[in-house]
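Values reported hereafter were calculated over all heavy atoms of this structure, with side chains retained and with hydrogens, waters and symmetry mates removed. Since the model is a prediction, treat every value here as computed from it, not as a measurement.
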Amino acid sequence: MDGTESRQLTGTRARLVLAFGVVVVLALSSAPAPADDEQIDRLVRQLGSDRFRDREAAGRALELIGEAAWEPLRTAAATSTDPEVRRRAEQLVQSIERRRLLGCFQGHADEVHGVALSPDGRRALSAGGDQTVRLWDVDTGKELARFDGYTHRVWSVAFSPDGRQGLSGSADKVIRLWDLGTGKEVRRLEGHRSPVLRVAFSPDGRRVVSGSSDNTVRLWDAATGKELRRLEGHTGWVWAAAFSPDGRRVLSGGWDGTLRLWDVDSGKELRRFDGRVGEINSVAFSPDSRQALFGGKDGTVRLRELVGGKEVCRLAGHTDPVGGVAFSPDGRRAVSGGADQTVRVWDLKIGKELTCLRGHISNVHEVALTADGRRALSVSSDHTVRLWRLPN
């Protein structure tokens with residue numbers, strides 16, 4: 001073999017792995033190697049081979065296969081009777097999960113409490129205990145702008161439906177509206193007697209809803225800053241408030257353990273549910289406005305029908321309180337973040353956890369999904385904003 005042939009073989013970036021006498025060709029590239037279920041199951045079993053070389057070869061092969069091997073590996077890590085298979089499978093599961101972290105946005109000098117994605121998914125807003133709101137380019141992780149002027153920590157942020165304005169709620173009791181193009185403060189919405197913990201725009205951008213530690217939910221005119229209605233009834237801090245996708249109702253949740261549904265036009269409380277999760281930290285409407293997702297102190301995420309109040313499913317997996325929840329755009333999945341430092345993805349039809357995303361080193365406070373449902377952002381007490389690739 002001459003030097004040219006040798007270089008050509010080296011340049012193929014491939015190697016042969018001998019597994020049970022079968023030669024498997026695995027391309028060493030960033031793309032997962034193609035593999036069928038039978039091959040993956042065979043490699044998983046080989047993790048417990050009596051021969052160290054075969055165990056190592058199987059591990060390398062499964063790591064290259066990647067996502068397609070994740071579910072069989074997770075099953076093996078939980079159920080295999082062979083301790084060596086369980087140990088190696090768990091290591092591989094964690095390795096594959098780490099690849100789902102696409103980016104880590106750094107800049108905040110304190111806890112990051114709130115996050116929001118622009119309608120086109122290209123920019124993100126984050127709210128921090130360092131008394132700033134920051135605007136990020138989602139693809140690059142570059143900080144595009146910083147909005148100062150706060151004298152207290154900022155708890156929550158939101159984008160206007162057209163993506164041109166940003167909204168924030170902070171511990172100084174003030175809601176601020178920003179022009180994201182110029183960086184100028186447009187107006188202030190004032191009236192809460194305690195920190196503003198949650199803010200959101202209505203789908204048409206004409207109204208704003210806020211929740212506060214003064215135990216009230218308030219509706220505002222976004223154009224004038226005028227308070228339109230005060231929704232009273234909660235007996236604890238209101239950490240969660242959201243408009244329905246049709247803009248006709250508001251859902252709120254608080255540390256009194258209740259979930260409340262309000263009529264926007266009249267301000268009337270339509271329904272009240274016992275959340276059964278302890279203190280409620282987050283709520284979200286389903287895309288069809290018929291169901292509510294919420295999480296709280298007991299570490300579970302729950303899906304409830306808003307007509308009749310029936311609990312559809314209870315998602316258990318977090319080992320500490322749930323800080324943030326979000327629906328996928330098609331309503332089939334949910335994403336949650338918790339004080340156990342994890343972000344979890346759930347299949348709502350079968351009530352099953354699809355994956356657990358690890359990387360944060362402190363409490364996860366909020367999550368947000370891109371409009372295509374393929375990526376998620378999470379924010380944490382570890383001062384970071386993280387971007388994740390979600391499983392197909």
Side-chain angles (χ1 to χ4, degrees), residues 1-104 316-319 333 338 340-347 350-361 374-376 386-392:
M1 181 183 298
D2 61 25
T4 300
E5 291 175 322
S6 177
R7 286 193 298 273
Q8 287 174 343
L9 285 175
T10 301
T12 61
R13 300 174 68 218
R15 65 180 171 188
L16 300 180
V17 176
L18 187 62
F20 292 108
V22 178
V23 176
V24 183
V25 179
L26 297 172
L28 295 181
S29 67
S30 58
D36 58 31
D37 292 342
E38 182 179 347
Q39 177 190 342
I40 292 171
D41 288 342
R42 184 169 63 249
L43 289 168
V44 170
R45 292 194 301 271
Q46 188 179 336
L47 293 175
S49 171
D50 291 338
R51 299 177 62 188
F52 175 78
R53 184 176 62 181
D54 289 345
R55 296 197 299 272
E56 289 289 290
R60 289 193 295 270
L62 288 163
E63 188 155 13
L64 286 167
I65 290 168
E67 287 287 337
W70 182 84
E71 183 62 39
L73 284 167
R74 190 171 74 150
T75 300
T79 65
S80 176
T81 58
D82 186 327
E84 182 68 9
V85 171
R86 290 199 306 272
R87 183 182 70 82
R88 288 177 175 265
E90 177 61 27
Q91 290 176 344
L92 288 164
V93 165
Q94 293 179 11
S95 176
I96 293 169
E97 287 175 345
R98 282 194 293 270
R99 296 185 205 170
R100 293 173 179 162
L101 178 61
L102 299 177
C104 180
H318 285 289
T319 57
R333 293 183 176 184
D340 59 1
Q341 307 176 14
T342 68
V343 175
R344 298 179 189 247
V345 185
W346 310 87
D347 184 314
I350 60 177
K352 179 181 178 181
E353 181 184 306
L354 294 176
T355 190
C356 177
L357 305 174
R358 297 179 175 90
H360 284 293
I361 57 174
R374 295 179 180 178
R375 297 182 294 174
R386 297 187 187 234
L387 177 66
W388 306 90
R389 177 172 53 85
L390 300 182
N392 294 328

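In this structure, CG in Leu101 is found 4.5 Å from CH2 in Trp388, a value given to the nearest 0.5 Å. Of the inter-residue distances, the one linking Arg358 atom CZ with Arg100 atom CZ reads 10.5 Å to the nearest 0.5 angstrom. With values rounded to the nearest 0.5 angstrom, Arg60 atom CZ is found 9.0 Å from Leu64 atom CG. Gln91 contributes atom CD, which lies 12.5 Å from atom CG of Leu62 (distance to the nearest 0.5 angstrom). Distance CD/Glu67 to CG/Leu73: 11.0 Å, rounded to 0.5 Å. Glu84 contributes atom CD, which lies 4.5 Å from atom CZ of Arg88 (distance to the nearest 0.5 angstrom).
In this structure, the side chains of Thr342 and Leu357 stay at 4.5 Å or more apart for every pair of heavy atoms. Looking at heavy atoms from C-beta onward, Glu56 lies out of side-chain contact with Arg53 at the 4.5 angstrom threshold.
With sequence neighbours left out, the side chain to side chain donor-acceptor pair (under 3.5 Å) criterion links Ser95 to Glu63. Shown here are the salt bridge (charged side-chain N to carboxylate O under 4.0 Å, His left out) partners of Arg333, two or more places apart in sequence or in another chain: there are none. With sequence neighbours excluded, no residue satisfies salt bridge (charged side-chain N to carboxylate O under 4.0 Å, His left out) with Arg374. With sequence neighbours left out, Ser80 forms a side-chain contact (heavy atoms from CB on, under 4.5 Å) with Asp82, Val85, Arg86. Not counting sequence neighbours, the partners of Arg344 by the salt bridge (charged side-chain N to carboxylate O under 4.0 Å, His left out) test are Asp340, Glu353. Remark: Arg98 pairs with no residue by the salt bridge (charged side-chain N to carboxylate O under 4.0 Å, His left out) rule, at least two apart or across chains.
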Original post:
Step by step, would you call Leu43 with Ile65 a side chain to side chain contact (heavy atoms under 4.5 Å, CB included)?
Top reply: CA-CA 11 Å; Leu43 289 168; Ile65 290 168; 3.8 Å; yes

**OP:** Run the numbers on Leu92 and Leu47 for side chain to side chain contact (heavy atoms under 4.5 Å, CB included), then give the verdict.
**Re:** CA-CA 11 Å; Leu92 288 164; Leu47 293 175; 4.1 Å; yes

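Within 6.0 Å of atom CG in Asp37, 12 or fewer heavy atoms from other residues, nucleotides or ligands are found, so the atom counts as exposed in its surroundings.
For the residue pair Pro72 and Val44, the shortest heavy atom distance occurs at CB-CG2, 4.5 Å. Nearest approach of Gln46 to Ala57, heavy atoms of both residues: NE2-CB, 4.5 Å. Nearest heavy atoms, Arg99 versus Arg389: O-NH2, 3.9 Å. Annotation for Ser49 and Arg55: closest pair O-NH1, 2.7 Å, computed over non-hydrogen atoms. In this structure, Ile40 and Ala68 approach most closely via the heavy-atom pair CD1-O, 3.6 Å. Scanning all heavy atoms of the two residues, the minimum distance from Ile96 to Trp70 falls at CG2-CD1, 3.9 Å.
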